[in-house]
*Asks:* 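Take this structure first; my questions come after.
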Amino acid sequence: MTDCDFLVVGHGLAGATLADELHRRGHRVLVYDAGRPDSASRVAAGLVNPVAGRRFALAWRADELIPYATAYYRALEARLGQAFYTAAPIFKVFGSEEEQVALIARSAKQPWGDFVAEILTHDPGLPGVLAPHGGAWLRHGGYLAVAELLAALATEGEAAGWLRRETFDWARLVSAPAGAAPAFIYNGTVTARYVVCCEGAEAVNNPYFNWLPITPNQGEVLDVECTGLGPEQVLNRGAYVVPLGAGRFRVGATYRWPPFAEGPTADGRAELATRLGALTSAPFA
Ligand SMILES: Cc1cc2nc3c(=O)[nH]c(=O)nc-3n(C[C@H](O)[C@H](O)[C@H](O)COP(=O)(O)OP(=O)(O)OC[C@H]3O[C@@H](n4cnc5c(N)ncnc54)[C@H](O)[C@@H]3O)c2cc1C
């Protein structure tokens with residue numbers, strides 16, 4: 001019998017960072033992960049964008065969470081001896097003069113704290129970037145190498161035996177009456193005080209939470225080579241562009257409602273190529 005305090009289902013960014021923090025606090029943790037190669041965390045660009053979306057809204061608790069996340073990733077880098085997080089300014093390109101005027105009007109009330117460093121009404125002339133209506137420089141953002149971070153944490157977990165590369169079968173989880181210990185028995189071989197569900201979009205198949213009104217959606221990213229852009233350039237306008245190194249960039253993301261596609265689609269590729277083409281004059285492939 002394996003006894004643990006926390007049984008975590010899912011080793012995406014949520015489950016991996018939770019398990020890491022629980023370990024740090026001295027708890028016994030066991031994690032199950034089905035290892036889907038196309039999970040959100042394994043394909044995401046990892047952009048940490050403090051002001052985003054069509055409404056150009058400040059992210060929830062950005063002034064508290066971004067410094068916390070940055071310090072957390074720096075501590076992980078020191079422990080694992082690998083770089084994961086790149087702090088970088090983000091250039092939000094204005095798509096039209098109307099957008100430029102609207103954001104300048106909103107800026108009078110300073111809705112973005114100090115996350116907006118500068119608003120430009122002219123093209124700043126960044127290499128390869130099309131910005132005839134100017135844009136806004138955002139500070140305190142950056143990007144995380146999510147897949148690399150998860151791989152490094154998983155290597156630790158597999159070596160220490162707390163990560164199991166298996167699908168967690170909810171039908172094999174038995175919960176004890178309230179107040180009884182252990183609270184959960186899994187598969188007749190694992191006991192846990194708590195079970196924490198970090199399955200991402202798979203939560204719709206979780207019998208404890210499938211009553212929640214969640215509709216998952218599907219996203220695709222496009223990796224391109226584009227040597228005409230500055231190697232550290234992070235862009236945002238309709239699509240985001242995040243450096244991968246060596247002249248390569250990740251462009252994202254599409255959003256698809258059910259029914260979902262199996263694997264990458266020609267439509268997704270075409271949509272992202274069009275959006276990137278509106279952002280850069282440089283050739284890409
Ligand atoms: C294309 C795309 C691009 C994105 N880009 C960004 C971005 O730039 N910036 C940003 O902030 N966010 C981005 N996101 C969103 C972000 O990636 C997700 O919010 C985040 O990764 C979700 O992490 P998670 O751990 O909750 O879920 P997931 O990454 O989905 O991980 C869930 C894990 O649980 C496992 N699992 C599920 N069910 C079971 C089971 N029964 N047994 C065992 N294992 C199970 C899966 O295999 C998976 O490994 C993007 C998302 C997509 C799809």
Side-chain angles (χ1 to χ4, degrees), residues 7-21 30-53 59-62 65-66 69-70 73 84-86 88 90 138 141-151 153-154 157 162-173 186-187 190 195-210 212 214-223 234-236 238-244 249-258 260-261 263-265 268-269 271-272 275:
L7 193 163
V8 178
V9 183
H11 197 255
L13 191 56
T17 50
L18 173 72
D20 182 62
E21 184 62 17
L30 183 62
V31 182
Y32 283 80
D33 189 82
R36 283 192 65 140
D38 58 353
S39 72
S41 302
R42 285 178 183 81
V43 301
L47 181 63
V48 176
N49 192 355
V51 189
W60 180 68
R61 289 168 64 187
L65 296 181
I66 290 182
T70 305
Y73 295 134
F84 301 113
Y85 184 65
T86 306
I90 300 169
L138 312 184
Y143 50 95
L144 179 71
V146 189
E148 289 79 354
L149 172 65
L150 293 184
L153 289 171
W162 55 256
L163 175 61
R164 296 186 178 175
R165 292 290 197 191
E166 293 169 34
T167 298
F168 185 85
D169 181 356
W170 291 100
R172 293 171 189 261
L173 182 69
Y186 178 62
N187 207 19
V190 175
V195 175
V196 189
C197 311
C198 299
E199 316 114 290
E202 295 286 326
V204 291
N205 299 318
N206 180 318
Y208 292 85
F209 293 105
N210 58 8
L212 285 169
I214 304 172
T215 306
N217 55 34
Q218 190 176 48
E220 292 181 68
V221 289
L222 179 66
D223 289 358
V234 186
L235 294 172
N236 187 18
Y240 54 70
V241 177
V242 175
L244 295 172
F249 294 84
R250 180 157 294 173
V251 184
T254 61
Y255 295 91
R256 181 194 296 270
W257 296 100
F260 294 143
T265 66
R269 166 185 277 271
E271 180 184 332
L272 292 169
R275 289 205 241 159

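In each ligand, atom 1 is the first atom listed, and ligand 1 is the first ligand listed. Residue numbers run from 1 in the order of the sequence given.
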*Asks:* Measure Val146 to ligand 1 on non-hydrogen atoms and call it side chain, backbone, both or neither using the 4.0 Å cut-off.
*Replies:*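 It is neither; nothing of Val146 touches ligand 1.
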*Asks:* Which heavy atom of the protein is the closest neighbour of atom 47 (O) of ligand 1, given with residue, atom name and distance?
*Replies:* Arg36 N, 3.3 Å
*Asks:* Measure Tyr240 to ligand 1 on non-hydrogen atoms and call it side chain, backbone, both or neither using the 4.0 Å cut-off.
*Replies:* side chain
*Asks:* Please state which protein non-hydrogen atom is closest to atom 34 (O) of ligand 1 and give its distance, to 0.1 Å?
*Replies:* Gly10 CA, 3.2 Å
*Asks:* At what distance, to the nearest 0.5 angstrom, does CZ of Arg165 lie from NE2 of His11?
*Replies:* 7.5 Å
*Asks:* Does Asp169 reach the side chain of Tyr186, with side-chain heavy atoms less than 4.5 Å apart?
*Replies:*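 They are in side-chain contact.
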*Asks:* Check Arg42 against ligand 1 and report side chain, backbone, both or neither, counting heavy atoms closer than 4.0 Å.
*Replies:*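 Side chain only.
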*Asks:* Could you find the nearest protein heavy atom to atom 48 (C) of ligand 1 and give me its residue, atom name and distance?
*Replies:*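 Checked against all protein heavy atoms, atom 48 (C) of ligand 1 sits closest to Asp33 OD1, 3.6 Å.
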*Asks:* Report, in ascending order of atom number, the atoms of ligand 1 lying under 4.0 Å from any heavy atom of Glu202.
*Replies:*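 Numbered from 1, ligand 1 contributes 37 (C), 38 (N).
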*Asks:* Where do Pro50 and Gly141 come nearest, in terms of heavy atoms and distance?
*Replies:*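 For Pro50 versus Gly141, the nearest heavy atoms are CD-CA, 3.9 Å.
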*Asks:* Looking at Val221, which atoms of ligand 1 are within less than 4.0 Å of one of its heavy atoms?
*Replies:*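 What qualifies from ligand 1 is 1 (C).
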*Asks:* Which pair of non-hydrogen atoms, one from Val31 and one from Gly10, has the smallest distance, and what is that distance?
*Replies:*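 Smallest heavy-atom distance, with atoms named: CG1-O, 3.8 Å.
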*Asks:* Calculate, to the nearest 0.5 Å, the distance between atoms CG and CD1 belonging to Leu47 and Ile90 respectively.
*Replies:*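 Those atoms lie 4.5 Å apart.
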*Asks:* Would you mind reporting whether Asn205 and Trp170 have side-chain heavy atoms less than 4.5 Å apart?
*Replies:* no
*Asks:* So does Arg164 pair up with Asp33, basic N to acidic O under 4.0 Å?
*Replies:* no
*Asks:* Report the nearest protein non-hydrogen atom to atom 26 (O) of ligand 1: residue, atom name, distance rounded to 0.1 Å.
*Replies:*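 Ranked first by proximity to atom 26 (O) of ligand 1 is Ala14 CB, 3.6 Å.
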*Asks:* I'd like to check atom 19 (O) of ligand 1 in this structure: does the protein have a heavy atom lying under 4.0 Å from it?
*Replies:*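 Within 4.0 Å: no protein heavy atom nearby.
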*Asks:* Atom 15 (C) of ligand 1: protein heavy atom closer than 4.0 Å?
*Replies:*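 Under the 4.0 Å cut-off, atom 15 (C) of ligand 1 has no protein heavy-atom neighbours at all.
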*Asks:* With atom 52 (C) of ligand 1 as the reference point, say which of Gly268, Ala40, Ala45 has the nearest heavy atom.
*Replies:* Ala40
*Asks:* Taking the minimum heavy-atom distance to atom 38 (N) of ligand 1, which of Arg250, Glu199, Glu220 ranks first?
*Replies:*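 Heavy atom nearest to atom 38 (N) of ligand 1 belongs to Glu199.
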*Asks:* Heavy-atom distances under 4.0 Å are what count here, so tell me which part of Ala16 touches ligand 1: side chain, backbone, both or neither.
*Replies:* neither
*Asks:* Would Gly46 count as being in polar contact with ligand 1, using the rule that some N or O on each side must be under 3.5 angstrom apart?
*Replies:* yes
*Asks:* Search all heavy atoms of Val8 against all heavy atoms of Gly15 and return the closest pair with its distance.
*Replies:* CG1-CA, 4.0 Å
*Asks:* Just so I know, are the side chains of Cys197 and Phe209 near enough to count as touching, which here means a heavy-atom distance under 4.5 Å?
*Replies:*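 Result yes, sub-4.5 Å side-chain heavy-atom pair found.
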*Asks:* Starting from atom 42 (N) of ligand 1, find the nearest protein heavy-atom neighbour and note its residue, name and distance.
*Replies:* Phe168 N, 2.7 Å
*Asks:* Got more than 12 heavy atoms from elsewhere within 6.0 Å of CZ, Arg172?
*Replies:*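 No - once you tally the heavy atoms of other residues, nucleotides and ligands closer than 6.0 Å, there are 12 at most.
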*Asks:* Is any side-chain heavy atom of Val234 closer than 4.5 Å to a side-chain heavy atom of Tyr240?
*Replies:* no
*Asks:* I want to confirm something. Looking only at heavy atoms, which of Gly252, Ala34, Ala59 is nearest to atom 44 (N) of ligand 1?
*Replies:* Ala34
*Asks:* Suppose I only count heavy atoms of Gly35 and a 4.0 Å limit; which atoms of ligand 1 are within that range?
*Replies:*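 That gives atoms 47 (O) of ligand 1.
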*Asks:* Run the numbers for me: atoms of ligand 1, each under 4.0 Å from some heavy atom of Val9, listed by number.
*Replies:*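 In order of numbering, the contacting atoms are 40 (C), 42 (N).
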*Asks:* Just so I know, are the side chains of Val251 and Arg275 near enough to count as touching, which here means a heavy-atom distance under 4.5 Å?
*Replies:*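 SC-SC contact between Val251 and Arg275 ruled out.
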*Asks:* Select the closest option to atom 22 (C) of ligand 1 among Gly200, Ser41, Gly12, judged by heavy-atom distance.
*Replies:* Ser41
*Asks:* Can you find a heavy atom in the side chain of Thr86 that is under 4.5 Å from one in the side chain of Tyr73?
*Replies:* no
*Asks:* Using a strict 4.0 Å cut-off to heavy atoms of Cys198, name the atoms of ligand 1 that fall inside it.
*Replies:* 32 (C), 33 (C), 34 (O)
*Asks:* Find all atoms of ligand 1 within a distance of less than 4.0 Å from any non-hydrogen atom belonging to Glu166, and give their numbers and elements.
*Replies:* 43 (C)
*Asks:* Hey, are the side chains of Val9 and Glu202 touching, using non-hydrogen atoms and a 4.5 Å cut-off?
*Replies:*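 A side-chain contact is absent here, since even the closest heavy-atom pair is not under 4.5 Å.
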*Asks:* Look at atom 13 (C) of ligand 1 and say which protein heavy atom is nearest, naming residue and atom and giving the distance to 0.1 Å.
*Replies:*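 Heavy-atom neighbour on the protein nearest atom 13 (C) of ligand 1: Ala44 CB, 4.1 Å.
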*Asks:* Which residue supplies the protein heavy atom nearest to atom 7 (C) of ligand 1, what is that atom called, and how far is it?
*Replies:* Leu47 N, 3.5 Å
